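First comes the structure, then the notes that go with it.
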Amino acid sequence: MLLSRSYGAWLVLFLLISPAFIAPSMSQLDSPWAAKKRNMREKVRKMFYHAYENYMKHAFPHDELKPLTKSFTDSLSELGNLKLQHLPRNYNGSALTLIESLSSLVIMGNNTEFERAVTWLSENLTFNIDARINLFECNIRVLGGLISAHILATDSTNRLVQGCYKNQLLNLAEDLGRRFLPAFDTPTGLPYAWVNLKYGVMEDETPETSTSGCGSLILEMGALSRLTSDPRYESAALRALRKLWSMRSSLNLLGTTLDVTTGEWIEYSSGIGAGVDSFYEYLCKAYILFGKEDYWRMFHSAYLAVQKYFRHGPWYHEADMRTGKATYWQLTSLQAFWPGLQVLVGDIGAANSSHREFFYVWKKFGVIPERYLLDHQMLHPTEKYYPLRPELAESTFYLYQATKDPWYIQVGESIVNSLNLYTKVKGGFASVRDVTTMQLEDHQHSFFLAETCKYLYLLFDDSFLVDRNYIFTTEGHPLPILSSWHERLPEAYIPTNWTYAKSEQQTRRASAMSRQVCPAIALRSGYGVQQVESACHIPDSRADHRCFSDEECGIDSSTCRRRSCSMAGYCGLWIQ
Ligand code: DMJ
């Protein structure tokens, strides 16, 4: 008894002091990747603060920083349009870059600066300004930034210590949301692209808008409705989305631009890049956030149509929504978000192969050019710029979350090095005007702080996401997935990360939605090699691949090309 008691005491003593011995040996065992990630995280943190502090010093409270001249631009009304629109004389900006930085400050653990920013915005921001703004841009940057920050300010982590937060950011968001509503007052319910914050839709306003302009509002406006219990915002965004979806062709394709008064298409050609990109993203993310089956049905059909008509191996071209025939063979830098979206739905194989091509283009030029003509293998003559866009970093973050393949850490490192080498100047980070000369332009876009730095930071340090479940808006602002907002999650919902895969085996089916997107997914172990079928796969109608006509043939799973019926009556990828 005496013996066992003293043995017990030794054991307790050992357990108490052992961490001191264990800790150093654990850190010695630290993988070289862990050290690399810490080092890279610190590099990204420095980048963010270089951009942020220069903005605060030379531009705040104006909208964006001009890093070369260390001055500012009041760009709120320029967004979505290159011409500077009319602004009232006494306009001093809406602190756009500060709003866009809020969630990044939290993710990087700077609650003090977050609180300072929240306090300033609460006391000074107003939307009662005679400014014609772009609904889409203002929604994703300002409304999304405010809503996400409000949630981060009021969640259970008690970030704000001074106790003077009384939902001011939510009140501002609600005020802004109200100013959006006149834009939806059209015969179709599709919103105008432009609305004056003070006076509503201007006389003779253009009725032309884009697919993403009216199809990417549901996350922010839906969240606003849930937070305020005022259903008008979600209803307006949902009505627009449903109308847009009803305008799809029989191939489940949409165009790029349309008329909001007639509900007719203007540009029938579309792809996954500019003018359309976030429409697909929001169908999928709206399903994740709100759990409505409707969103899933729309997304699933839309996604399969993209894979069927736009995809060519790892590349995506544009096609005519009426015929599905290829129109433009172009790579645009916005398309680089697509692999990230594919990770969310579990189509990892396809995501990985496209991501590699985008990274190859990044390496070729040092950064990714806005538009590259795939058929002529040359840059677009007027779109050689790189405005510090986040999309490649975003996809890299998602793919690393899903696979834990250290190769993505190397990709991230390469992106960070290029950004520091080519775009860092004394006064911040400057956009690249021409990727062939690396000549710079005097503009630091707010999404550099909201997205580019955030996704790079999360790639190297995802501690913000541990045991929490967020989706990121198209502008990189996190929104939590809550059972109270969700149609399908049980009341006692325990968050699990949708994209996080812990073991080797899970990496292939990293998303909770894999099975839904890829019903034909099959892990086949032939000679020890596992293959994952792509979501574009449509099997031939007969298992023995015999056919009388092309209609009986499906879509090839690895190339996503349509199979056709040969003279001998077999489906295959015959040269036509
Ligand atoms: C961001 O403002 C958003 O991601 C938007 O959806 C399109 N891309 C820009 C940044 O490139």
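Treat the numbers as computed from the prediction; the structure is a model and nothing was measured. We count ligands from 1, going down the list as the structure has it; atoms in each ligand are counted the same way.
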Numbered in order shown, the ligand 1 atoms found under 4.0 Å of a heavy atom of E451 are 1 (C), 2 (O), 3 (C), 4 (O), 10 (C)

Would a line drawn from the ring center of Y422 to the ring center of Y386 be shorter than 6.0 Å? no

Distance under 4.0 Å to a non-hydrogen atom of E475: what atoms of ligand 1 satisfy this? 1 (C), 2 (O), 3 (C)

Are any of the N/O atoms in E137 less than 3.5 Å from those in ligand 1? no

In chain order, what residues pass the ring pair (Phe, Tyr, Trp, His ring centres under 6.0 Å) check against F447, with sequence neighbours excluded? H445

Given the ring of Y470, does R468 sit roughly above its face, with NZ or CZ under 6.0 Å from the centre of the six-membered ring and within 45° of the axis? no

Side-chain donor-acceptor pair under 3.5 Å between D462 and Y400, yes or no? no

Taking the six-membered ring of W407 as reference, does the NZ or CZ atom of R356 fall below 6.0 Å from its centre and within a 45° cone about the axis? yes

Check: W362/S418 side-chain N/O donor and acceptor closer than 3.5 Å: yes

Which is it for H445 and ligand 1 at heavy atoms under 4.0 Å: side chain, backbone, both or neither? neither

With sequence neighbours excluded, what pairs up with S301 under the side chain to side chain donor-acceptor pair (under 3.5 Å) test? none

Which of the numbered atoms in ligand 1 are below 4.0 angstrom from a heavy atom of T474? 3 (C), 4 (O), 5 (C), 6 (O)

Output the list of atoms in ligand 1 that are nearer than 4.0 Å to some heavy atom of L334, sorted by atom number. 7 (C), 8 (N), 11 (O)

Flag E391 as yes when one of its N or O atoms lies below 3.5 Å from any N or O atom of ligand 1, and as no otherwise. yes

Is the contact between E281 and ligand 1 made by the side chain, the backbone, both, or neither, using heavy atoms and a 4.0 Å cut-off? neither

P390 heavy atoms within 4.0 Å reach ligand 1 at atoms 10 (C), 11 (O)

